[in-house]
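Remarks on the structure that follows.
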Amino acid sequence: MNTFRHYLTKYLLLWLVLACFFAFFWKKFCGAEISNPFLLSKWAMQMFIALTMLMIGSLLPIEEVKQVGRRWKTVFGGTAVQFISMPLLAFLTAHLFHLNNAYFIGVVLVGCVPGAMASNMLTMIARGNVSYSVSLTTSATLLSPFIVPFALVVCLGTRVSLNVTEISLTLLLTVVLPVVLGFSFSRISQLWQNLSEKIGEIVANIVIIWIIASVVAQNRELIFQLNPILFLALLFLNLGGYMAGYWGGFLMKIDSKMRRALVLEIGMQNAGLGTFLATQYFPKTPEAALCCAMYTFGCMFTGIILAQVCRNFFSNDLLTLSSDEIASVQNETPSLSKMTSVSDTNVLPNDSQKDAS
């Protein structure tokens, strides 16, 4: 099981590409007589997102909740950078590239959703502060029902009519409640905690891959009609997010490893959640969901490259840790072993203890 989890996470982008490839060419490979499973699961989108968040909550160590309280200024400062910079960048990007209404909605959705769990894994690869990354993801996720609807209304204006209360309630029930339940179950039941540690990350990753592939299957014809300008706009937004994280961290005067975590957290948006919101509240503009799906590919690709660059060229101050030091860091910050599955690495952050003090 550990080996499967390791390769699933390590080659997540590859599995995502393969799943979307099969979703797109299902008829060609399997014929029309066999129903496309990615299409059949359309009705279960909300349940899939809730399942993902339940697993994330189950894997959330209690130490990370305490960390939010201990360093609330840097956590909420980083969250503020994300929820201010990304919606603003998305709005400016949509105008700069003169995107049509459907693409405009999709790009704004990408900018307004919170960060993704993949940023925690990439922060580890980049030799950044994983504990801070997990704290940022937790904070943004829990605040999303209150901030995301407001950001959408401000950025979309009169383009669409939005029910803020309904979106907030949906996010509360689909995102926050499952996280709280999963976290509570792991505190109450040792059996649940052990089970979630074995399969939680596997389930979460597979579900996100399935959601994106499902969107591809539902919009096969539209993919051929996508404007190349959209890809440039999404890349611009992604790179702008990384820059916002860098300069936000610089202004907050946080150390380089925390800054790496902030950079990846802001650039790696939860496009799976954006895809769900697009299909739920903008069904007449399926291109909006495709924007979110395309961003998933892009941010995974650029995020992996950025993490490797940080690891190999900008981490001369970090030394390879011994096995005893690795065990010590993992005891201080359980998220290194529970929230990520890159278990074969030799180089983990060394400042978890300093941040907790």
Any non-hydrogen side-chain atom of [X] less than 4.5 Å from a side-chain atom of [Y]?
X	Y	value
Met45	Gln280	no
Pro87	Val154	no
Phe76	Ser139	yes
Pro114	Val148	yes

Look at the aromatic rings of Phe250 and Trp247 and report parallel, tilted or perpendicular, splitting at 30° and 60°. perpendicular
For [X] and [Y], work out which heavy atoms get closest and say how close.
X	Y	result
Thr93	Ala233	CG2-O, 3.4 Å
Tyr242	Thr302	OH-OG1, 2.9 Å
Ile254	Tyr132	CD1-CE2, 4.2 Å
Val81	Ala244	CG1-O, 3.8 Å
Leu136	Thr74	CD2-O, 4.4 Å
Gly241	Leu89	N-CD1, 3.7 Å

Treating [X] as the side-chain partner and [Y] as the backbone partner, does any N or O pair qualify as donor plus acceptor under 3.5 Å?
X	Y	result
Thr296	Cys292	yes
Ser119	Gly115	no
Arg260	Arg127	yes
Ser196	Trp192	yes
Asn120	Val130	no
Ser214	Leu39	no

Is [Y] reachable from [X] through a run of I, L, V, M, F, W or Y residues, each pair having side-chain heavy atoms under 4.5 Å apart?
X	Y	answer
Leu173	Leu143	yes
Ile209	Leu40	no
Leu60	Ile62	yes
Leu191	Ile188	no
Phe282	Val164	yes

Does Arg5 count as lying over the ring of Tyr7, i.e. NZ or CZ under 6.0 Å from the six-ring centre, within 45 degrees of the axis?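 No, Arg5 does not lie over the aromatic ring of Tyr7.
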Would Arg259 pass as a cation-pi partner of Tyr246, given that its NZ or CZ must be under 6.0 Å from the six-membered ring centre and within 45 degrees of the axis?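 Geometry flag: set, cation within 6.0 Å and 45°.
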Side chain to side chain contact (heavy atoms under 4.5 Å, CB included) partners of Thr174, counting only residues at least two apart: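 So Thr174 forms a side chain to side chain contact (heavy atoms under 4.5 Å, CB included) with Gln46, Ile49, Ala50, Thr170, Phe276.
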Would you mind writing out the side-chain donor-acceptor pairs for residues 266-273 within the sub-3.5 Å range, not counting sequence neighbours?
| from | atom 1 | to | atom 2 | distance (Å) |
| --- | --- | --- | --- | --- |
| Gln269 | OE1 | Gln82 | NE2 | 2.8 |
| Gln269 | NE2 | Val110 | O | 3.0 |
| Gln269 | NE2 | Gly111 | O | 3.3 |
| Gln269 | NE2 | Val113 | O | 2.7 |
| Asn270 | OD1 | Leu273 | N | 3.1 |

Among side-chain atoms of Gln193 and Ser189, is any donor-acceptor pair under 3.5 angstrom? no
Test ring-ring contact (aromatic ring centres under 6.0 Å, His included) applied to Phe22 and Phe29, Phe38, Trp15, Trp210, the passing residue: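 Exactly one option meets the ring-ring contact (aromatic ring centres under 6.0 Å, His included) with Phe22, and it is Phe29.
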Would you give me the side-chain donor-acceptor pairs under 3.5 Å for residues 95-102, sequence neighbours excluded?
| from | atom 1 | to | atom 2 | distance (Å) |
| --- | --- | --- | --- | --- |
| Asn100 | OD1 | Ala102 | N | 3.2 |
| Asn100 | OD1 | Tyr103 | N | 2.9 |
| Asn101 | OD1 | Arg159 | NH1 | 3.3 |

